[in-house]
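Heads up: the structure comes next, in C-alpha cells.
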Protein chains: 2
Amino acid sequence: MGERANRPTVKEVALRAGVSPMTVSRTLSGGVNVKPDVQKRVMDAVAELGYHRNENARSIRPGHSSGLIGVAITNIANPYYSTFALGVEEEAALTGRRILLGNTSEDAAREAGLVGDFLGRRVDGLIVVPAGTDSGHLAQSQAQGVPVVLASRRVDGLAADSVVLADEEGAYDGATALIDAGHTRIGYLGNSLAIFTGERRYNGFARAHEEHGLQIDPTLVATNQQAVEQARDATRALLQGDNPPTAIFCANNRNAIGALKEISAQINSGTRPVDEFPELMSFDDFELAELSPVPISVIDHDPRELGRIAARLLLDRLDGGQRDADTREVELPVSLRMHLR
Amino acid sequence: MGERANRPTVKEVALRAGVSPMTVSRTLSGGVNVKPDVQKRVMDAVAELGYHRNENARSIRPGHSSGLIGVAITNIANPYYSTFALGVEEEAALTGRRILLGNTSEDAAREAGLVGDFLGRRVDGLIVVPAGTDSGHLAQSQAQGVPVVLASRRVDGLAADSVVLADEEGAYDGATALIDAGHTRIGYLGNSLAIFTGERRYNGFARAHEEHGLQIDPTLVATNQQAVEQARDATRALLQGDNPPTAIFCANNRNAIGALKEISAQINSGTRPVDEFPELMSFDDFELAELSPVPISVIDHDPRELGRIAARLLLDRLDGGQRDADTREVELPVSLRMHLR
DNA sequence: CTGTTAGCGCCTTCAT
DNA sequence: ATGAAGGCGCTAACAG
C-alpha cells in the first residue's frame, strides 16, 4: 500500500483504451469526433484507473486558467467571515471554481505574502478583506490581469470592484436611535479607526452626536479591540468609571460579544441591578444575541450575501465579458432591529 | 475571450536581466552557482516585473507537488468547523502550503465531487470530515498516493489516519453527571445516528442510562436535527409533552443552540417559571453559552486543535517520512465543565 | 558559473 | 474519426 504518486495520466488511459492520448483528451472534453464505442472504451479506462485530468497541467496552456479564486480574510474563525467565505465558495462552485482560502490575522505583511502566493498559483482572481492601507500587491495583481474584489473594506488609491456595508449610515442610524431613546452618555467599542469599517462606523456614531447637539465623552470611547477578550476588558473599564454610559455602541460582533460577556458576568455576580447596566447596540448580528440580559439592538446585514456579491463581481469580470468594465462599488444597506428598554 | 493575462514568465525576466532562463530559475531557488551581481540583476528584474513563479507549471514536473491541501468540511458557516479550518490553515501555512476549501453540506455526492476535483488539482493530501459512509473516492485518493486524514468522523472500511473526539466517553460522562444529579427523564437532541458522531454520542448517552438502571423514554429522543431551526422545533416538541424532561442532552452545538433559543423564547413569554425548564448538557462549547437562562454544562474540546492535529497527521505523512507508516487513529479527550442547579 | 536540451501532462493545430 | 507534432512554464541533467 501507500505508493508514491501513482496518478494516471492521459497516456496510461490511452494505452489501456488502445487509443492515442488525443482521443482520450477529446473524449474527456465532450467527445466531438470520437466514435461512441471508442468513447466508451476510454471512459471505462478512466473509471478503472481513477483518472482525473491534471488541472495544473491544463492551466499552463494558453487560454486556460486555473479555476481558482484566492480568498484572503482577516479571521477565518470569526463566524462573520466564515459565513462570508461560504457565500464566496457557493457562488464560485457554480462556475466550477474552487477557493484557496488564507487567513491574514489582520496583518498587512501576511496579506501581501498570501497574495503573492495566490498569484504564483495562477488564481483567476482575488477576493480580499484588506488588512492594511498598502495596496501595492493588489495593484500588481490587477496589473497582471488578475482582478481584485475588495470586501467589507476598501483601500485608498486602489481602483477595484468592492462590496462594503453602509457603515456610516448604519452606525448613524443606530446611534441616533439610542439618542432618540434619551441616551446622552453612549459608550463606543470598536476596532481601530485606521481600519476602513472602524473609521466609517465611528464617523456615523460621531455624526449622530453632532447633529443632535451632543458631545462625545472621549473617556467612553475605546477603539482598539480586535478580539473578544480585549473588548471585554474595555467594557470593564467603561463600567468602572464614576459616570458610566447608559448605552454602549459596539462597532462589530467581536466587541458586542465582549461587552455582553462582561455585563453578563457582572450581573451574575450581583453587583447591581440589571437595569443599571447599559443597553447595547451592535453593528453585526450574531448567534444567541437574543439571550442578552440587557436589551440589545442590532444593525443587521448578511455576511453570506456579502460573500455572494463579492464573488459575482469577480465572476462577472472573469466570465461575463466585464473584464475591462468600469470599477463597480457596491454598498449594501443594513437594517436596524431595535430592542430598547 | 479577451485573455488579458499579463503575467511575466522566466523568459521575460531572463530577457530583462540579460541572462538565460536557467539563471533566473537558479537564482530564485537559492542562487547556488550564480554570481552575486547577476543575482541582483535577476532579482531587480523580478521585482520590476512583479514576477511570481508559476506554481502550477512547477508542480507538473517530476518530484514536485502542488503544495495544496484539500479540505472538505460539512459546513463552513458552523463556527466549530470554521475554527477547525483555521487550525488546518495555520499548520499548513507553516510548511508553505495552502488550503483548498470546499463545503459538502453533509452531502456525500458533493463530497465525492469535491474530492475528485481536488485530485485533479493535484493536492498533496486531503483532510475530510466525511459526510457519508461511502469511501470509494477516498480509497481512490489513497490508492493514488494522496493521503487522506479523516477528522471528527471515521468511515467504516477505510484505513486512514484520523482524529476524532472521545464521543462515546464524553457523552457517557455528561449523561452520567445528569443522572448523578438526580435526573431520570433526560431529553436527547442530536444529529442522525447514521453519522459517526451521532451514533457514538448517543451510545454514550444510552450506556450511562443502562449502567444506572434507567430506561430511556423514546419520546424524549430526537435525532435528526442538522440545523438550529430544526433543533428548536424538536425542543418545542419535547417541552410540549405532558411529562417533559428535566434535562436535555444536546449532542452538538447546533442542537444546543436550538434548544437554548426555544427555551429562552418560552421563558421570555413567561409561560412558566425559569426553574421549571430543563437544564442543558451540550456536547461542544459555543460562544455565549454562559448567557443561558438555564444551567448549561458543556462537554468541551478545541476545534482549532482538532484542525492542527489533522494537519499534522497529514504533514507527517507528506514530509516526515511517514508516507507509508501505519494508520494512526487519534482520539482527543474532552473535558466536562459542569454547571447544574 | 552559465547556457542548452529535454520533458513533465495536456491540448491546439495540422495532418491523415 | 483519429493521430503526430509542438509548446505552454519550469527546472533536472548535462554540457561548456
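Residue numbering restarts at 1 for every chain, and letters A, B, ... go by the order of the sequence lines.
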Residue among A/Val115, A/Val155, A/Thr104 satisfying side-chain contact (heavy atoms from CB on, under 4.5 Å) with A/Pro130: A/Val155
A/Asp124/A/Arg317 ion pair, N-O < 4.0 Å: no
Contacting residues from residues 35-49 of chain B, given that a heavy atom lies under 4.0 angstrom of DNA chain C: B/Lys35, B/Val38
Separation of B/Asn103 CG from B/Asn78 CG (nearest 0.5 Å): 10.5 Å
Residue among B/Thr133, B/Asp134, B/Leu150 satisfying side-chain contact (heavy atoms from CB on, under 4.5 Å) with B/Leu158: B/Leu150
N or O in side chain of B/Ser20 less than 4.0 angstrom from C/dT4 OP1/OP2: no
Test: A/Arg122 and B/Glu55 ion pair at under 4.0 Å: no
Cationic N near anionic O, under 4.0 Å, B/Arg97 to B/Glu91: no
Spacing between A/Asn33 atom CG and C/dC14 atom P, to the nearest angstrom: 16 Å
Distance in Å, A/Glu48 CD paired with A/Glu12 CD, rounded so as to fall on 0.5 Å steps: 13.0 Å
Short side-chain donor-acceptor distance under 3.5 Å, A/Arg154 and A/Ser162: yes
Where protein sits on nucleotides 5-16 of chain D, one letter per nucleotide: B base, S sugar-phosphate only, - none, heavy atoms under 4.0 Å: --BBBBBB----
